[in-house]
Amino acid sequence: LARVAEGAPGPGPGRARLVLLPPGGGARPDPHGWREAVAAAAGALQAGGLVAVPTDTVYGVACLAQDSAAVRSIYSLKGRNGAKPLAICLGDVERLYRYCQVNVPDELLRDLLPGPVTLVLERSEELNKDLNPFTSLVGVRIPNHPFMRDLARACSGPLALTSANISSHSSTLTVLEFQDLWPQLSLIIDGGPIGDIQSPECRLGSTVVDLSVSGKFSIIRPGCALTPTVDILKKKYGLVPESS
């Protein structure tokens, strides 16, 4: 199941393990290998580590959102501006209500999640105050990827999730594309190529939409699912663009 990244003898800074993700989900071809991969990632996260993960859009880096030291590490890893927020990742829509204040129908959430969309909502008091302390909002992801959903369910709190690349660099679709980050990771989950690595559209990341204002929406990042997302918000739920 696991092989050690080249030149890296074990877990820890500079010693990231590379875990090959079996195909399918936990109930399909290799359930033992799948469970082992989820357990390895959850263990690394609980120990305060940073884990590279496949999502339904691009490769990401995750840590425990409630672990302030790990959150600081993710900013350091990416060379990220401290004023740029991190999204949280959950396994199911039901858990969203614990960390966010929701003012849209539950059905709307389920029409968009899981999927390649980040919903920006008012944060609740449950969320770590050291995560994005400069804003009352938080972006929420529930990737349509069985590994990510299983991993989020295996952790007691939300994951902080960002793309696996240096800030301002292109998003990554294979683990080899972010080799420069490997030395600072505890674990790398290799789920194979995500989408068409030759297609720029596959590197757009999730569509980010602000739903914090009742009855309105605002597109923060067009991403890869703009048209279907806007269609759902406008045609099915009657939301209007915030600039209107």
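Side chains are part of it too, since the values below use all heavy atoms of this structure and drop only hydrogens, waters and symmetry mates.
- Formation of a donor-acceptor pair under 3.5 Å by the R203 side chain with backbone atoms of I197 is found in this model.
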Q: Please test L159 against L45 for side-chain contact (heavy atoms from CB on, under 4.5 Å), starting from the C-alpha separation and ending with a verdict.
A: CA-CA 9 Å; L159 306 180; L45 292 168; 3.8 Å; yes

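- The heavy-atom pair separating G60 from T55 by the smallest distance is N-CG2, 4.4 Å.
- Side chains of R141 and T57: a donor on one and an acceptor on the other come within 3.5 Å.
- The hydrophobic clustering, which links ILVMFWY residues whose side-chain heavy atoms are closer than 4.5 Å, places L137 and L127 apart.
- Side-chain atoms of Y99 and V138, non-hydrogen and from C-beta on, never get closer than 4.5 Å to each other.
- Between Y97 and D106, the side chains place a donor N or O and an acceptor N or O closer than 3.5 Å (distance only, hydrogens not considered).
- Side-chain atoms of E122 do not come within 3.5 Å of backbone N or O of S212 as any donor-acceptor pair.
- A side-chain donor-acceptor contact under 3.5 Å links S68 and D130.
- Here the closest non-hydrogen pair linking A70 and G48 is CB-O, 3.9 Å.
- With values rounded to the nearest 0.5 angstrom, R123 atom CZ is found 9.5 Å from C100 atom SG.
- Counting only N and O atoms by type, the side chains of K78 and S163 include a donor and acceptor under 3.5 Å apart.
- Side-chain atoms of R80 never come within 3.5 Å of backbone atoms of Y75 as a donor-acceptor pair (strictly under, hydrogens ignored).
- For the pair E126 and R95, the salt-bridge criterion is not met [side-chain N within less than 4.0 Å of a carboxylate O].
- Ring geometry for W34 versus F147: interplanar angle over 60°, hence perpendicular rather than tilted (30 to 60°).
- Closest of all the heavy-atom pairs between L131 and A160 is CD1-CB, 4.2 Å.
- A distance of 9.5 Å separates CG of L112 from NZ of K236, quoted to the nearest 0.5 Å.
- Although no hydrogens or angles enter the test, the distance criterion places no donor-acceptor pair under 3.5 Å between the side chain of D210 and the main chain of F217.
- Note that CG of L77 is 4.5 Å distant from CG of L181, once rounded to the nearest 0.5 Å.
- With contacts defined as side-chain heavy-atom distances shorter than 4.5 Å, the pair L173/C202 qualifies.
- Between R149 and I142 the shortest side-chain heavy-atom distance falls below 4.5 Å.
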Q: Start with the C-alpha distance between K129 and E125, add both sets of side-chain angles, then the distance that settles salt bridge (Lys or Arg N to Asp or Glu O under 4.0 Å), and finish with yes or no.
A: CA-CA 8 Å; K129 291 177 174 54; E125 292 296 315; 3.3 Å; yes

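- Heavy atoms only, all atoms of each residue included: A44 and L187 are closest at CB-CB, 4.3 Å.
- Atom CG of residue L204 and atom OG of residue S171 lie 8.0 Å apart, to the nearest 0.5 angstrom.
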Q: Begin with the C-alpha distance, continue with both residues' side-chain angles, and end with the deciding distance and a verdict on side-chain contact (heavy atoms from CB on, under 4.5 Å) for L239 and K216.
A: CA-CA 5 Å; L239 272 62; K216 297 188 177 184; 6.0 Å; no

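- When side chains are defined from C-beta on, S186 does not count as touching L50, because their heavy atoms never get closer than 4.5 Å.
- The hydrophobic cluster containing I88 also contains V104, counting ILVMFWY residues as joined when their side-chain heavy atoms lie under 4.5 angstrom apart, directly or transitively.
- No hydrogens or angles considered: a donor-acceptor pair under 3.5 Å links the side chains of T118 and S206.
- When hydrophobic clusters are built by joining Ile, Leu, Val, Met, Phe, Trp and Tyr residues whose side-chain heavy atoms come closer than 4.5 Å, directly or via intermediates, Y237 is grouped together with V93.
- In terms of modelled atom types and a separation under 3.5 Å, the side chain of N144 and the main chain of G115 share no donor-acceptor contact.
- Grouping the Ile, Leu, Val, Met, Phe, Trp and Tyr side chains by contacts below 4.5 angstrom, directly or via other members, places I74 with W182.
- Side chains of L108 and L233 form a contact here, defined as non-hydrogen atoms less than 4.5 Å apart.
- Between L21 and D190 the shortest side-chain heavy-atom distance does not fall below 4.5 Å.
- No single ILVMFWY cluster, assembled from side-chain heavy atoms under 4.5 Å apart, contains both V209 and I220.
- If you take CG on L90 and CG on D92, they are separated by 8.5 Å, rounding to the nearest 0.5 Å.
- Y59 places no side-chain N or O within donor-acceptor distance of the main-chain N or O of I194, the cut-off being under 3.5 Å.
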Q: Please assess S124 against R98 for the test side-chain contact (heavy atoms from CB on, under 4.5 Å), listing each intermediate value before the final yes or no.
A: CA-CA 7 Å; S124 79; R98 179 172 178 181; 5.6 Å; no

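- T229 OG1 to L119 CG: the interatomic distance, rounded to the nearest 0.5 Å, is 8.5 Å.
- In plain terms, the two heavy atoms of A62 and V53 that are nearest each other are CB-CG2, 4.4 Å.
- A donor-acceptor pair shorter than 3.5 Å cannot be found between the side chains of S167 and N81.
- Residues V102 and L109 form a side-chain contact, since some pair of their non-hydrogen atoms from C-beta on lies under 4.5 Å apart.
- Here the shortest heavy-atom pairing between G49 and C63 reads O-CB, 3.9 Å.
- In this structure, L121 and L96 have side chains that are in contact, with non-hydrogen atoms separated by less than 4.5 Å.
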Q: Could you check Q184 against S73 for side-chain contact (heavy atoms from CB on, under 4.5 Å), going step by step and ending with a plain yes or no?
A: CA-CA 9 Å; Q184 298 176 72; S73 293; over 6 Å; no

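- Using a distance-only test at 3.5 Å, with no hydrogens or angles considered, a donor-acceptor pair links the side chain of Q66 to the main chain of N128.
- A donor atom on one side chain and an acceptor atom on the other are found under 3.5 Å apart for S199 and E201.
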